[in-house]
Amino acid sequence: QVQLVESGGGLVQAGGSLRLSCAASARTASRYAVAWFRQAPGNEREFVAAISWSGGRTHYADSVKGRFTISRDNAKNTVYVQMNSLTPEDTAVYYCAARYSSDSYYLTSDYYDYRYWGQGTQVTVSS
């Protein structure tokens with residue numbers, strides 16, 4: 001069982017930056033691929049970024065490519081997403097999700113592939 005806790009959300013002006021953190025509880029959390037998803041009011045939850053448990057492979061949604069950077073520190077069981085050049089369209093609740101993988105380079109952008117989810121953290125970007 002893995003528990004995920006997101007933090008770092010808040011209110012920021014357009015063009016600003018935030019760094020979200022996803023802390024995992026399990027001692028073996030380092031062998032989990034992790035992804036960030038987001039959901040704006042009235043919209044479906046959408047993929048943002050993912051990282052393999054080795055950190056050697058990452059993948060981004062086109063909408064955030066070049067602005068967001070996902071990374072992880074397995075010693076701290078924490079995954080981060082650095083979000084730069086934020087726009088009001090980035091306003092959403094951001095969730096991290098994890099799934100176990102024996103493949104150190106595995107990742108997926110499919111919502112249904114992730115077993116464990118955090119409670120979410122609100123990001124609001126004002127214009």
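All values reported here derive from a predicted model rather than from experimental measurement. Each residue takes its place number in the sequence, starting with 1.
Shown here for A14 and P88, the closest heavy-atom pair between the two residues is CB-CD, 4.2 Å. Between I51 and R72, the closest heavy-atom pair is O-NH1, 3.7 Å. Across T91 and V125, no two heavy atoms sit closer than the pair OG1-N, 2.9 Å. Closest non-hydrogen pair, S52 versus G56, comes out as OG-N, 3.4 Å.
Distance CD/Q122 to CZ/R38: 12.0 Å, rounded to 0.5 Å. Y32 contributes atom OH, which lies 12.5 Å from atom SG of C22 (distance to the nearest 0.5 angstrom). Rounded to the nearest 0.5 Å, atoms CG (L107) and NE2 (H59) are 7.5 Å apart. Note: S102 OG to W53 CH2 = 9.0 Å, rounded to the nearest 0.5 Å. Here OG1 of T78 is found 12.5 Å from CG of L20. Values are rounded to the nearest 0.5 Å.
With sequence neighbours excluded, no residue forms a salt bridge (charged side-chain N to carboxylate O under 4.0 Å, His left out) with E89. Judged as a side chain to side chain donor-acceptor pair (under 3.5 Å), and not counting sequence neighbours, the contacts of N84 are S17, Q82. Among residues two or more places apart in sequence or in another chain, the side chain to side chain contact (heavy atoms under 4.5 Å, CB included) test is passed with L18 by V12, M83, L86, V123. Shown here are the side chain to side chain contact (heavy atoms under 4.5 Å, CB included) partners of D103, two or more places apart in sequence or in another chain: S101, Y105, Y106.
Between the side chain of E6 and the backbone N or O of Q119, at least one donor-acceptor pair lies under 3.5 Å.
Other residues sharing the hydrophobic cluster of F47, ordered by chain and number and joined by side-chain separations under 4.5 Å: F37, V93, Y95, Y111, Y112, Y114, W117.
Tracing side-chain contacts under 4.5 Å through hydrophobic residues (I, L, V, M, F, W, Y), one reaches V34 starting from F68; they form part of the same cluster.
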Can you give each donor-acceptor pair under 3.5 Å made by side-chain atoms of residues 60-67, sequence neighbours left out, with the distance rounded to 0.1 Å?
residue	atom	partner	partner atom	Å
Y60	OH	I70	N	2.9
D62	OD1	K65	NZ	3.2
R67	NH1	S85	O	3.0
R67	NH1	D90	OD2	2.8
R67	NH2	S63	O	2.9
R67	NH2	D90	OD1	3.0
R67	NH2	D90	OD2	3.4

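R31 has its side chain within reach of Y100: a pair of non-hydrogen atoms, C-beta onward, lies under 4.5 Å apart.
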